[in-house]
Amino acid sequence: MSGQSITDRITAAQHSVTGSAISKTVCKATTHEIMGPKKKHLDYLIQCTNEMNVNIPQLADTLFERTTNTSWVVVFKSLITTHHLMVYGNERFIQYLASRNTLFNLSNFLDKSGLQGYDMSTFIRRYSRYLNEKAVSYRQVAFDFTKVKRGSDGVMRTMNTEKLLKTIPIIQNQMDVLLDFNVNANELTNGVINAAFMLLFKDAIRLFAAYNEGIINLLEKYFDMKKIQCKEGLDIYKKFLTRMTRISEFLKVAEQVGIDRGDIPDLSQAPSSLLDALEQHLASLEGKKVKDSTAASRASTLSNAVSSLANTGISFTKVDEREKQAALEEEQARLKALKDQRLKELQKNPATATTDSSPVFTVGGTNNSTPAIDLFSTPSSNNSNSKAANDLLDLQPAFQQPLPLSTTNTWGGFAASPTPQQPQNSRGLNVDFDSVFGNNTNANNLDGTGNCTSFPAVSLQTSCSVLPPEGWGDRLHVGSNSWILICCVCACVCGLCEV
């Protein structure tokens, strides 16, 4: 089977119609193609985990839904995508997985479509069990062992005795489940299982590095522990020696499949005399008779053991630094390729270097400027481009000057000098203010209820005719002064809009 199936294309088209870009990308990353998920799809999903507006539960549920498929390829690639997001995605993703009661229920998964389906189903069951254990470990300690700070001031080296004795068994359980994947070099026959093995290989290195530092911290505190703590510590150290043998076999498989020798750390085992010294110390605390050993000999044995384990830790650190350097070089190469591609596009079409919204841009080394748009100019004005933009307070229609007021002023008795009559503007407003303000008694025609029965003559010398509706005062209960204000507003609107 090669290439995307019709089912893959239909499912992707359905997600395109619904507008779910995340579901579409998950579908494309988990197609029926017998190859690992494509990097571009994984990178997009990683970016989605870093976006605060992305629904992480929806993303996880989409991946869980893909694991219900009957094809081993789709299920395996769904697990790989989930593992990739747990390692390289935002911590919110693994936090959500750790908060769930159940993750992958694939303990009985079996693809009966072919012989390859039978073989890969075994590894799918093991792989899903490791991802479940990885989420459980995060739930118990609230951090990922593969991402903790390492070194003399690291998390595992600075942990107190009580917490250390509770934390190391959690690492041991996760390491056991990882090593239970138990794949041989001749079983890595396709790109899907190879992608899963690479993720497990990187997890194994980082997980064992944290495990190794926890053991160093344990040995440094061992001779100061209580009897019960020493018993637990001795049991932990014995299991550590067993897992060191298993991790060595796992790294041999990695070397056989072509992983660079420089990416595989060197494991240095502690001297066997250390185990004897630990057992004798516990026996002495229990009151058993043991052969005499000086404090100097125990200190020398402990120092040698810690030095050997520290060398292993240095080897893990070098592997991490080499991986980081390779990632930086890869990112720089991608940026350079994008830059070269952009320069080529600009050389072919220089006009694309500028945006359409920019008023000033450069084409061929010359500056082209677009004229500024006057938002307040009227369409009928022919010389609007030549006039400077006036202040907003000046943008008012030209009203006709009112008629001369009478010498008797109702506002304080002061006589106002008559104003010379100005030529009438075609857009002016002719209002009898004497009638409006009550100087003309004939204009104030009120009925018994106080409503206006007749209105002052208002001449609107505009292109529109504004006349008061009949009986408007009875319905709205307003006087003639309000109608004058309404007429003035209408005149302003007509003058600006040229209706």
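FYI, side chains are in, hydrogens and waters are out, and symmetry mates aren't considered; it's all heavy atoms of this structure. Model, not experiment: these values are computed from the prediction.
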So, Lys252 and Glu255, do they make that salt bridge, N to O below 4.0 Å? no

Report the residues that fulfil ring pair (Phe, Tyr, Trp, His ring centres under 6.0 Å) with Phe93, sequence neighbours left out, ordered by chain and then residue number. none

For His83, the option from Phe104, Phe76, Tyr130 that meets ring-ring contact (aromatic ring centres under 6.0 Å, His included): Tyr130

Residues 151-169 vs salt bridge (Lys or Arg N to Asp or Glu O under 4.0 Å), sequence neighbours excluded, gives Lys149-Asp153, Arg157-Glu220

Asn184 vs Gln256, side chain to side chain contact (heavy atoms under 4.5 Å, CB included): CA-CA, chis, key distance, verdict: CA-CA 9 Å; Asn184 298 322; Gln256 291 174 3; over 6 Å; no

How many angstroms lie between CG in Asn194 and OG1 in Thr189, if you round to the nearest 0.5 Å? 7.5 Å

Might you confirm whether atom NZ of Lys40 has over 12 heavy atoms from other residues, nucleotides or ligands at distances under 6.0 Å? no

Side chain of Lys147, backbone of Val87: donor and acceptor closer than 3.5 Å? yes

With Tyr138, which residues qualify under ring pair (Phe, Tyr, Trp, His ring centres under 6.0 Å), at least two apart? none

Looking only at heavy atoms, which two atoms of Ile236 and Tyr211 are closest? And how far apart? O-OH, 4.2 Å

Please round to the nearest 0.5 Å and tell me the distance separating atom OG1 of Thr161 and atom CG of Leu218. 8.5 Å

Salt bridge (Lys or Arg N to Asp or Glu O under 4.0 Å) pairs, two or more places apart, involving residues 110-129: Arg129-Asp180

Residues Asp203, Lys134; criterion side chain to side chain contact (heavy atoms under 4.5 Å, CB included); working and verdict: CA-CA 10 Å; Asp203 265 17; Lys134 185 179 177 71; 3.3 Å; yes

Should Arg66 and Lys77 be marked as a side chain to side chain contact (heavy atoms under 4.5 Å, CB included) after you check the CA-CA gap, both sets of side-chain angles, and the distance that decides it? CA-CA 9 Å; Arg66 296 294 287 174; Lys77 293 173 75 171; over 6 Å; no

Gly117 versus Trp72, closest heavy-atom pair with distance: CA-CD1, 3.6 Å

Distance from Leu131 atom CG to Leu97 atom CG, nearest 0.5 Å? 9.0 Å

Between NZ of Lys221 and CD of Gln229, what distance do you get to the nearest 0.5 Å? 11.0 Å

Backbone N or O of Asp176 within a donor-acceptor pair of the Arg243 side chain at under 3.5 Å? no

According to salt bridge (charged side-chain N to carboxylate O under 4.0 Å, His left out), who are the partners of Arg100, at least two apart in sequence or on a separate chain? Asp61

Using the rule given for ring-ring contact (aromatic ring centres under 6.0 Å, His included), can you reason through Phe240 versus Phe208, listing the C-alpha separation, both sets of side-chain angles and the distance that settles it, and then say yes or no? CA-CA 10 Å; Phe240 172 75; Phe208 192 81; 5.7 Å; yes

Working to the nearest 0.5 Å, report the span between CG of Leu63 and CD1 of Ile80. 12.0 Å

With Ser128 as partner, the option from Leu79, Leu103, Asn105, Thr82 fulfilling side chain to side chain contact (heavy atoms under 4.5 Å, CB included) is Leu79

Nearest heavy-atom approach of Thr49 to Gly89 is OG1-CA, 3.6 Å

Whether Arg261 side chain and Ile264 backbone form a donor-acceptor pair below 3.5 Å: yes

Could you tell me whether a side-chain N or O of Asn217 sits under 3.5 Å from a main-chain N or O of Glu213, the two making a donor and an acceptor? no

Given the rule in the side chain to side chain contact (heavy atoms under 4.5 Å, CB included) test, do Ile168 and Gln172 qualify, once you have shown the distances and angles that lead to the verdict? CA-CA 6 Å; Ile168 292 181; Gln172 290 176 341; 3.9 Å; yes

Does Thr167 use its side chain to pair, donor to acceptor, with the backbone of Leu164 at less than 3.5 Å? no

Only one of Phe250, Tyr127, Phe123 forms a ring-ring contact (aromatic ring centres under 6.0 Å, His included) with Phe197, so which one is it? Phe250

For Ala98 and Arg139, which heavy atoms make the closest approach, and how far apart are they? O-NE, 2.7 Å

Distance col, row Asn132:CG vs Thr102:OG1, nearest 0.5 angstrom, shows 8.5 Å

Considering residues, nucleotides and ligands other than Asn53, do more than 12 of their heavy atoms fall under 6.0 Å from its CG? yes

Among residues at least two apart in sequence or on other chains, which ones pass ring pair (Phe, Tyr, Trp, His ring centres under 6.0 Å) with Phe201? none

